[in-house]
Amino acid sequence: MTVDVDYLIVGAGATGMAFADTMLTESEATMAIVDRHDRPGGHWTHAYPFVRLHQPAATYGVESRPLGSGAKDEAGLNKGFYDLASGAEVLSHFDLVMRERFLPSGRVQYLPMSEVADSGDVVSLLSGRRTEVRAGKLVDATYSRVAVPSTHTPTFAVDPEVAFVPVNDLPRRAPEFRRYVVIGAGKTGMDACLWLLANGAEPDCIRWIMPRDSWLLNRANYQPGDEFLERAAKGLADQVEALAGAESVDDLFLRLEAADEVRRIDPLVTPTAYHCAIVSDAELDELRRIRDIVRLGRVTRIEAERIVLAGGEVPTSGDCLHVDCSAVGIPTRPTRPVFEGDRITLQFVRLCQPVFSAALIARVEAVLDDDGEKNRLCAPIAPLSVPSHWPERMVVELANRRRWSTTPEVAEWLVRSRLDGFAKRVRSLTGTETATLAHLQRYAAHAGAASENARRLTA
């Protein structure tokens with residue numbers, strides 16, 4: 001069997017789907033999407049059952065189809081903010097896009113449970129049947145190498161008698177125990193702690209192993225509704241003003257904290273990690289109820305009666321359920337040019353926004369021809385891991401933003417983009433929103449100095 005298409009997209013996860021969706025809208029291209037899973041969604045197909053987006057659903061998914069209800073939550077830890085889609089909702093979103101938009105278009109072929117062999121053929125994981133796909137370009141939607149708890153192998157040893165489960169099994173196994181050890185301090189670790197607290201676990205029965213404290217983003221600053229526009233504009237201005245004036249990376253984050261842009265679990269501990277995790281005030285208050293926090297570095301071994309860490313050890317016992325939340329998520333990898341002849345490698349072009357980035361890359365691919373110009377507009381940004389990465393990556397993002405605003409083909413798309421959630425609202429300002437306009441002017445006044453000082457901070 002032979003398939004002829006313009007693009008062979010490897011990976012039907014969030015970025016591959018977002019790229020294909022925008023290409024379907026912005027061009028007449030034909031595509032084949034190859035994925036090792038039996039349904040679209042990528043790492044979401046392995047997600048733990050209580051996972052939710054940390055960002056509003058309104059700015060996630062594919063461009064053409066809304067995700068979530070578009071309403072604000074009226075109860076719970078996200079009260080007053082726009083809804084956060086569950087993992088099941090995200091998977092349904094991608095499934096419906098594939099079944100109701102991609103396949104009926106006649107321009108997309110979907111090859112699930114398959115992989116691309118070294119020969120370039122697509123091989124079925126079930127039958128071994130080979131399909132020759134002749135494509136003008138290959139789109140790598142797997143470059144980020146997302147790792148999730150249910151599929152990764154822990155980096156530490158666990159004795160056989162220890163009750164140890166990936167976070168996916170927490171709801172099933174939790175009733176068997178009264179004490180819990182949550183291993184990992186990223187988004188997944190926070191979710192596990194919040195799930196335990198919400199379902200009746202006593203805070204003093206939770207031990208949280210936190211190899212590194214993280215700076216956390218304030219969810220209030222990332223809301224899509226018009227009523228939050230002034231706050232969003234203030235946040236952008238605060239970021240560049242802090243970056244322009246900071247004397248060190250530590251000083252930068254203290255300035256961001258003072259502006260209510262970032263927060264931390266313990267005000268007395270300086271975080272050494274930063275992964276763009278987002279929390280509400282209510283979630284932060286809940287997490288602070290957990291007092292048994294172990295800050296002795298990474299786990300090296302879990303034995304029947306002790307947990308050995310890089311900086312010491314703590315006791316454990318058979319009545320504790322040890323919950324693995326240690327998967328790295330999106331690892332920091334070297335960037336490569338997004339556009340390289342017959343290859344497109346999907347990466348961030350705006351910090352911590354994978355689907356927006358993939359959709360913007362597709363728009364650029366659809367309307368421009370020269371790889372040099374396309375790469376100028378889509379300078380890749382490596383994922384964040386430590387605080388010093390933020391000013392370094394912001395240099396690239398600020399340059400990308402400037403180029404987008406002066407390139408009509410991109411600026412016009414941003415104004416109508418569902419995934420952007422900001423440009424359209426700024427374009428619709430009437431001149432009476434004086435506070436919002438003042439923040440935007442403050443942003444413009446400090447953006448250049450922010451880039452220059454960021455280079456100095458990370459030199």
Side-chain angles (χ1 to χ4, degrees), residues 7-20 33-48 51 53-55 60 87 90-91 94 111-118 120 122-123 125 137-156 166-168 183-189 191 211-212 214 273-277 298 324-340 343-359 361-362 378-386 389 392-393 396:
Y7 296 91
L8 171 59
I9 301 172
V10 183
T15 58
M17 294 291 286
F19 179 91
I33 303 176
V34 178
D35 194 88
R36 294 178 59 87
H37 300 95
D38 66 332
R39 54 182 170 165
H43 75 276
W44 288 99
T45 64
H46 299 291
Y48 42 99
V51 69
L53 284 171
H54 274 199
Q55 70 180 71
Y60 194 81
V90 173
L91 280 174
F94 290 128
L111 303 171
M113 296 299 293
S114 301
E115 64 182 2
V116 179
D118 292 340
V122 174
V123 181
L125 296 175
K137 294 185 178 182
L138 182 143
V139 180
D140 183 0
T142 68
Y143 189 72
S144 63
R145 302 293 190 269
V146 174
V148 295
S150 63
T151 60
H152 94 121
T153 300
T155 59
F156 48 87
V167 67
N168 297 57
I183 302 164
K187 175 185 184 298
T188 305
D191 284 352
R212 300 185 298 166
S214 291
Y274 183 45
H275 296 284
C276 295
R298 299 186 185 280
D324 181 24
C325 303
S326 65
V328 72
I330 303 178
T332 297
R333 303 190 66 206
T335 60
R336 59 182 296 168
V338 172
F339 299 96
E340 297 176 283
R343 181 188 182 93
I344 298 172
T345 305
L346 301 183
Q347 297 158 86
F348 291 155
V349 295
R350 187 160 75 187
L351 278 171
C352 310
Q353 293 292 307
V355 292
F356 167 85
S357 296
I361 289 168
C378 297
I381 304 171
L384 299 161
S385 178
V386 297
H389 285 164
E392 175 185 285
R393 303 325 192 231
V396 183

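In this text, all values refer to a predicted model and were calculated from it rather than measured experimentally.
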Gap between atom [atom2] of [Y] and atom [atom1] of [X] - 0.5 Å precision:
X: Ile183; Y: Thr188; atom1: CD1; atom2: OG1; answer: 13.0 Å
X: Leu351; Y: Phe356; atom1: CG; atom2: CZ; answer: 11.5 Å
X: Ser144; Y: His43; atom1: OG; atom2: NE2; answer: 8.5 Å
X: Tyr48; Y: Asp191; atom1: OH; atom2: CG; answer: 3.5 Å

Quick one: does [X]'s side chain get under 4.5 Å of [Y]'s, heavy atoms only?
X: Cys325; Y: Val167; result: yes
X: Tyr143; Y: Gln347; result: yes
X: Ile9; Y: Met17; result: no
X: Ile344; Y: Val338; result: yes
X: Gln55; Y: Tyr60; result: yes
X: Lys187; Y: Val51; result: yes
X: Phe156; Y: Ser326; result: yes
X: Val386; Y: Arg212; result: yes

Locate the shortest heavy-atom distance separating [X] from [Y]; write the atom from each residue and the value.
X: Leu91; Y: Pro40; value: CD2-O, 3.7 Å
X: Arg393; Y: Ile381; value: CB-CG2, 3.6 Å
X: Ala379; Y: Val396; value: CB-CG1, 3.6 Å
X: Pro383; Y: Arg333; value: CD-N, 4.3 Å
X: Pro154; Y: Asp324; value: CG-OD2, 3.5 Å
X: Ile361; Y: Cys378; value: CG1-SG, 4.1 Å

Check: [Y] main-chain N/O paired with [X] side-chain donor or acceptor under 3.5 Å:
X: Ser357; Y: Gln353; value: yes
X: Thr142; Y: Asp140; value: no
X: His275; Y: Leu384; value: yes

* To do: Applying side chain to side chain contact (heavy atoms under 4.5 Å, CB included), run through Leu125 and Arg36 and close with a yes or a no.
  => CA-CA 8 Å; Leu125 296 175; Arg36 294 178 59 87; 3.9 Å; yes
* **By side chain to side chain donor-acceptor pair (under 3.5 Å) - contacts of Thr345 (at least two apart)** => Arg343
* Applying side chain to side chain donor-acceptor pair (under 3.5 Å), name anything that partners Arg336, two or more places apart in sequence or on another chain. =>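 Glu340.
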* Got more than 12 heavy atoms from elsewhere within 6.0 Å of CZ, Arg350? -> yes
* To do: Could you tell me whether the side chains of Asn168 and His46 share a donor-acceptor contact shorter than 3.5 Å?
  =>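 On atom types as modelled, these side chains do not qualify, holding no pair under 3.5 Å.
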